[in-house]
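Taking it in order: structure first as C-alpha cells, then the write-up.
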Amino acid sequence: MYIETTELIRSALQEASGEEEVLITDGGEHADLASTVAFALAKKRRASPAAIAAELVPHLAAALAAHGITVAATGPYLNFRFGPPYFAGVVQAALAPGYGAGASRQVRVVLEHTSANPNGPLHVGHIRNSIIGDTLARAFRKAGYVTEVQYYVNDMGRQIAIVVWGMDHLGIEPEEGEKPDHYIARVYVEANRRIEADPAITGEVDGLMQQVEALDPTTVRKFRSVVGRCLDGFRETLADLATPHDRFVWESDFLRNGDMERILAKLARLPVAHQEEVFYLDLSGAGIENRYVLRRSDGTSVYAARDLAYHLWKGRNFSRVIDVLGADHKLIGAQLQATLRLIGELPPEIVHFEFVSLPEGSMSTRAGTFIAADDLIAETRRRAFDEVTVRRPELPEEERRAIAQSVALAAIRYDIIRISPEKSTVFEWTNALDFERQSGPYIQYAHARACSILEKAGDYTATFAAESSYEQALVRQIAKFPAVVAQAVDELRPHLVATYARELADLFNTFYHFEPVLRAEGATRDARLTLVRAAQNTLKEALETLGIDALRSM
RNA sequence: GGGCCUGUGGCUUAGUCCGGAUAGAGCGCCGGGCUUCUAACCCGGAUGCCGGGGGUUCGAAUCCCUCCAGGCCCGCCA
C-alpha cells in the first residue's frame with residue numbers, strides 16, 4: 001500500500017510538473033509524503049518555489065482525489081496526506097499471514113556467512129558475521145528470493161595444520177564436558193606458543209600442508225578429524241543463535257575434484273598472470289596494486305586459489321552470490337571480484353562488516369584473547385532467567401527457562417544487528433545484557449502485550465479505521481514494512497529491519513498507552529482491536545525477519 | 001608511506017549512498033506515572049557550532065576539497 005501509493009503520487013507529480021525526477025521525501029510531521037520539486041522548477045520557470053508549489057496543487061488534487069489523497073502547499077513544499085482508504089487498506093493488508101513478503105521470484109541466491117576457521121570457538125566477532133548474514137538471508141527469503149545459505153569450511157589452511165601438529169605432539173586431552181571447539185582452541189594456542197619458542201616447528205607444519213595438498217590419506221584424515229570436531233562445536237553455537245546453514249562446503253573438495261587446477265590453468269593463460277617463484281596475478285588494471293598470489297614457491301595452493309574455484313562454482317549455479325565478510329577481507333575480496341570479472345564469471349556481492357574489539361584491545365584466537373559466543377549466550381541466558389523469574393514468579397521453571405532462552409537470543413541478535421555493519425564496535429557486557437528500550441526484548445515485549453490484549457478481547461468484528469493521531473502514526477509505520485524489507489535487500493543493509501522494528505514497537509507502546517482497547521466500546525473497540533492485531537502481526541513478521549522469537553507471553 | 005572504513009549531546013547510536021521544513025532515539029541525569037489491557041512500559045525536562053577548516057547550492061550532518069583523530073588492510077596466513 002505504501003509502495004503503491006508512493007508510485008501513484010510520483011506519477012501524478014511527473015504529470016503535473018513535467019519533470020522526471022520529482023524529489024519525493026518523507027513528510028515527517030508535516031505530511032505522509034512530500035515533494036521538493038518546486039525548488040528545482042524555480043530556476044527553470046523563474047518563479048518563486050512557493051508560487052510554483054501553489055500552482056501545482058490543483059492539478060495534483062484533481063489527479064489524487066479519487067484515491068483519498070489530499071495535497072497542500074506549505075510554502076515551497078508539496079505535502080501529501082493519505083486518506084481513510086489508505087489507512088483501511090494498510091490495516092487490512094497487515095492482517096494477512098506473511099505480511100511484508102515480496103512477490104516470489106525465480107532468482108536463486110547463495111549467501112555465504114560466518115565461514116570461520118575451525119581452530120577455536122566462535123567468538124563475539126564471528127557472530128557479528130553470523131547475525132548480519134542470517135538476518136540478510138531472512139530478508140532475502142521474505143522479499144521472495146530462493147536463498148541458500150552456505151558455510152565455507154577452511155579445512156586445509158595453515159591454522160588447521162598447526163592444530164594437527166598440536167594433536168600429534170602435545171598430548172592435550174579434552175576436559176570433562178568440554179565442547180570440542182573450545183578444546184581445539186587450547187591445542188591451537190599451545191601449539192602457537194611452541195612454534196614461537198621453536199621456529200623449526202614451522203617446517204613440520206609446512207610438511208603437513210604439503211601432504212594434505214598431495215592428498216596423503218593419513219594426513220587428510222587428521223585434518224578432517226580436527227575440522228569435523230570443531231564444526232560440531234560451531235553447529236551447536238550456530239543453532240543457539242538461530243543462524244542455520246543449508247550447506248557446509250568443504251574447501252578441499254575443490255582441490256579433490258580438480259576445479260582449482262582448472263581455474264588456475266585458465267588464469268595462467270591470461271596476460272596478467274606471472275610465474276616467478278610464486279604464481280600470481282597482476283590486477284593493477286583493476287586498480288589493485290598488490291600481487292594476487294595463488295600458488296606458493298613449493299607449488300602448494302593458497303586459500304585464494306580454492307576460494308576462486310568455490311566462487312566460480314557458486315556463480316555458475318546461482319544468479320546472485322552474496323558473501324558476508326569481515327573488513328579485514330576487503331583487499332582479498334576485491335581481488336577475487338576483479339579476477340572473476342576478468343574471466344567473465346559472476347563476481348560475488350560482498351557485505352563487509354567492521355571489527356568487534358574488546359575494551360582491552362582486539363580479539364585473537366591465537367592469543368586466546370576473545371569472548372566465546374558460547375560464554376556470551378550462557379551468561380545472557382542466566383541474566384534473562386533471573387529477569388523472567390522476578391517478573392513472572394508464578395510460571396513453572398520450565399516455561400521461564402524457555403522464555404529466558406528466547407529473550408537472551410533476542411538481546412544478543414538485536415544488540416549486534418542494530419549497528420550499521422561499517423561501524424567498528426567495542427563489545428561491552430552491559431550493552432549485551434540490556435533488555436530495555438532499543439533492545440530485542442523490548443520489541444518482543446510490545447508483541448507479547450499485543451497478544452495479551454487480543455487474547456483477552458475474545459471475538460470482535462474486523463473494522464478498519466484510524467481515528468486518532470496515535471492510531472494513524474502506528475498505521476503509517478505498519479504500512480512501511482514491505483518497503484523496508486525490500487530496501488534492506490536492495491541495499492544489503494539488514495540493520496534497517498532492526499531500526500524499523502524498534503520504531504514500530506515505540507509507536508505501538510505509545511498507542512496502547514493512550515488509547516484504551518478493551519475498555520473502548522462498539523465500533524471503536526473493534527477498530528482498535530483490528531489495529532492491535534495488525535500491529536501484532538507486523539511485529540511478529542519483523543521479529544522473525546530478525547531471527548527473534550515473537551513470544552506470545554513473557 | 002598508500003588504500004578502505006569511521007568520527008552526530010557524558011556514553012551508545014539512526015539519519016549520509018539519493019541535499020530540503022525546528023538533527024531522531026536509547027542509556028545515564030532531573031521530575032512524574034502501577035486498586036486502570038503484563039511498569040522488559042509510558043509522560044515531561046536539561047544536554048548537540050553533526051571532528052576542524054574551506055567550497056558548491058536558494059538550502060549541507062548529507063555533495064566536493066583539505067586537515068585532524070581512531071580502526072582495518074597492504075603475507076608464499078586465512
Side-chain angles (χ1 to χ4, degrees), chain A residues 21 23-25 27-31 34-36 39 42-43 48-49 74-77 79 115-117 119 154 156-160 206 251 277-280 287-291 293-304 306-307 326-332 334 352-355 357 362 384 387-388 390-392 407 411 415 418-426 428 430-431 434-446 448-457 491 493 495-496 498-499 502-503 505-506 509-510 512-520 528 532 553-554:
Chain A
E21 180 54 67
L23 307 171
I24 290 174
T25 65
E29 55 196 67
H30 307 280
S35 168
T36 56
F39 285 110
K43 231 177 224 166
S48 81
T74 308
Y77 296 93
N79 288 330
S115 301
N117 267 333
N119 60 350
N154 309 143
M156 49 185 301
R158 175 170 296 273
Q159 280 88 337
I160 308 308
D206 288 344
E251 184 183 5
E277 294 197 2
V278 297
F279 172 62
Y280 73 93
I288 299 167
E289 300 303 328
N290 313 64
R291 289 180 171 192
V293 174
L294 299 174
R295 220 193 267 283
R296 301 184 183 93
S297 55
D298 68 2
T300 57
S301 60
V302 298
Y303 168 86
R306 278 103 61 180
D307 206 24
D328 52 338
H329 286 61
K330 275 186 183 178
L331 175 58
I332 198 133
H352 288 289
F353 65 93
E354 291 286 336
F355 256 53
S357 56
S362 60
E387 202 71 25
V388 176
V390 168
R391 292 165 200 279
R392 305 294 297 277
V407 167
D415 185 51
R418 56 183 257 268
I419 309 294
S420 320
E422 64 272 15
K423 223 128 178 168
S424 45
T425 64
V426 177
E428 305 267 12
T430 47
N431 285 347
D434 184 7
F435 303 151
E436 297 190 337
R437 279 190 82 152
Q438 298 208 340
S439 76
Y442 167 81
I443 304 165
Q444 285 180 306
Y445 183 71
R449 291 293 300 268
C451 288
S452 167
I453 292 170
L454 291 167
E455 198 165 308
K456 288 185 174 148
E491 301 178 4
R493 290 197 299 167
H495 85 278
L496 294 176
T499 305
R502 196 215 76 225
E503 287 169 350
D506 285 347
N509 284 340
T510 307
Y512 82 69
H513 181 77
F514 286 106
E515 310 276 344
V517 178
L518 296 178
R519 278 176 292 119
R528 286 183 187 164
V532 169
S553 166
M554 61 187 281

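By convention in this document, chain letters (A, B, ...) are assigned in the order of the sequence lines, proteins followed by strands, and residues within each chain are numbered from 1.
As a whole-Å value, the separation of A/Glu455 CD from B/C37 C1' is 12 Å. One interatomic measurement links the two molecules: CG of A/Leu294 to C1' of B/C77, which rounds to 14 Å at whole-angstrom precision. Put simply, CD1 on A/Ile24 is 14 Å from P on B/G20, counting in whole angstrom units. Counting to the nearest Å, the C1' atom of B/C27 and the CG atom of A/Asp415 are 12 Å from each other. Separating the CG atom of A/Asn154 from the C1' atom of B/C77 is a distance of 11 Å, rounded to the nearest angstrom. Rounded to whole Å, atom C1' of B/C41 lies 15 Å from atom CD of A/Gln438. Counting to the nearest Å, the P atom of B/C27 and the CD atom of A/Glu428 are 17 Å from each other.
The P atoms of B/C37 and B/A14 are separated by 37 Å, rounded to the nearest whole Å. Separating the C1' atom of B/G54 from that of B/A60 is a span of 14 Å, rounded to the nearest Å. B/A25 and B/C67 are spaced 37 Å apart, taking the P atom of each and rounding to whole Å. One C1' atom belongs to B/C18, the other to B/U62, and the distance between them is 10 Å to the nearest Å. Between B/C43 and B/C4, the distance separating the two P atoms is 44 Å to the nearest Å. The same atom, P, is picked in B/G51 and in B/U57; the two are 23 Å apart, to the nearest Å.
With hydrogens and angles ignored, the 3.5 Å screen pairs no side-chain donor or acceptor of A/Ser452 with any backbone N or O of A/Ala448. Between the side chain of A/Ser439 and the backbone N or O of A/Tyr442, at least one donor-acceptor pair lies under 3.5 Å.
Closest of all the heavy-atom pairs between A/His495 and A/Ser420 is NE2-OG, 3.6 Å.
Of the listed nucleotides (B/A78, B/C43, B/C5), B/C43 has the atom at the smallest distance from the side chain of A/Arg437. The side chain of A/Tyr512 approaches B/C37 more closely than any other nucleotide in the set B/C37, B/A25, B/G33. With B/G33, B/U38, B/C76 as the choices, the nucleotide that has an atom nearest any side-chain atom of A/Ser297 turns out to be B/C76. Of the candidates B/U13, B/C43, B/C74, the closest approach to any side-chain atom of A/Phe514 belongs to B/C43. Side-chain proximity of A/Arg418 to the nucleotides B/C76, B/U12, B/C37 is greatest for B/U12. Side-chain proximity of A/Ser452 to the nucleotides B/A14, B/U38, B/C74 is greatest for B/U38. Side-chain proximity of A/Ile419 to the nucleotides B/A14, B/C5, B/A78 is greatest for B/A14. Listed nucleotides: B/A14, B/C74, B/U22. Nearest to the side chain of A/Glu29: B/U22.
A/Glu277 comes within 4.0 angstrom of a nucleotide base, judged by non-hydrogen atoms across all strands. Within 4.0 Å of A/Thr499, counting heavy atoms only, lie sugar-phosphate atoms of the nucleic acid but no base atom. Among the protein residues, A/Arg291 comes within range of no part of the nucleic acid, since none of its heavy atoms lies under 4.0 Å from any strand. A/Glu491 comes within 4.0 angstrom of a base, heavy atoms only. Looking at heavy-atom distances under 4.0 Å, A/Ala457 makes no contact with the nucleic acid at all.
Side-chain atoms of A/Tyr445 and A/Asn509 form no donor-acceptor pair, as typed in the model, at a separation below 3.5 Å. A donor atom on one side chain and an acceptor atom on the other are found under 3.5 Å apart for A/Arg306 and A/Ser301.
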Would you tabulate the pairs of protein nitrogen or oxygen atoms and nucleotide nitrogen or oxygen atoms of nucleotides 55-59 of chain B closer than 3.5 angstrom?
unit_1, atom_1, unit_2, atom_2, d
B/C58, OP1, A/Lys43, NZ, 3.4

Strictly under 3.5 Å: I want the nitrogen or oxygen pairs between protein and nucleotides 68-72 of chain B, one per line.
none

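Heavy-atom contacts from other residues, nucleotides or ligands closer than 6.0 Å to CD of A/Glu491 number more than 12.
The base of B/A39 lies outside donor-acceptor range of the side chain of A/Asn509, with no N or O pair under 3.5 Å. Contact annotation: side chain of A/Glu436 to base of B/C41, donor-acceptor pair absent below 3.5 Å. The base of B/C42 is not paired with the side chain of A/Thr510 by any donor and acceptor separated by under 3.5 Å.
Considering only residues two or more places apart in sequence or on other chains, A/Ala304 meets the side-chain contact (heavy atoms from CB on, under 4.5 Å) condition with A/Tyr292, A/Leu294, A/Val302, A/Ile332.
The phosphate of B/A25 (OP1 or OP2) has no side-chain N or O of A/Tyr442 nearer than 4.0 angstrom.
Pair check for B/C76 finds none; no Watson-Crick or G-U wobble contact set falls under 3.5 Å.
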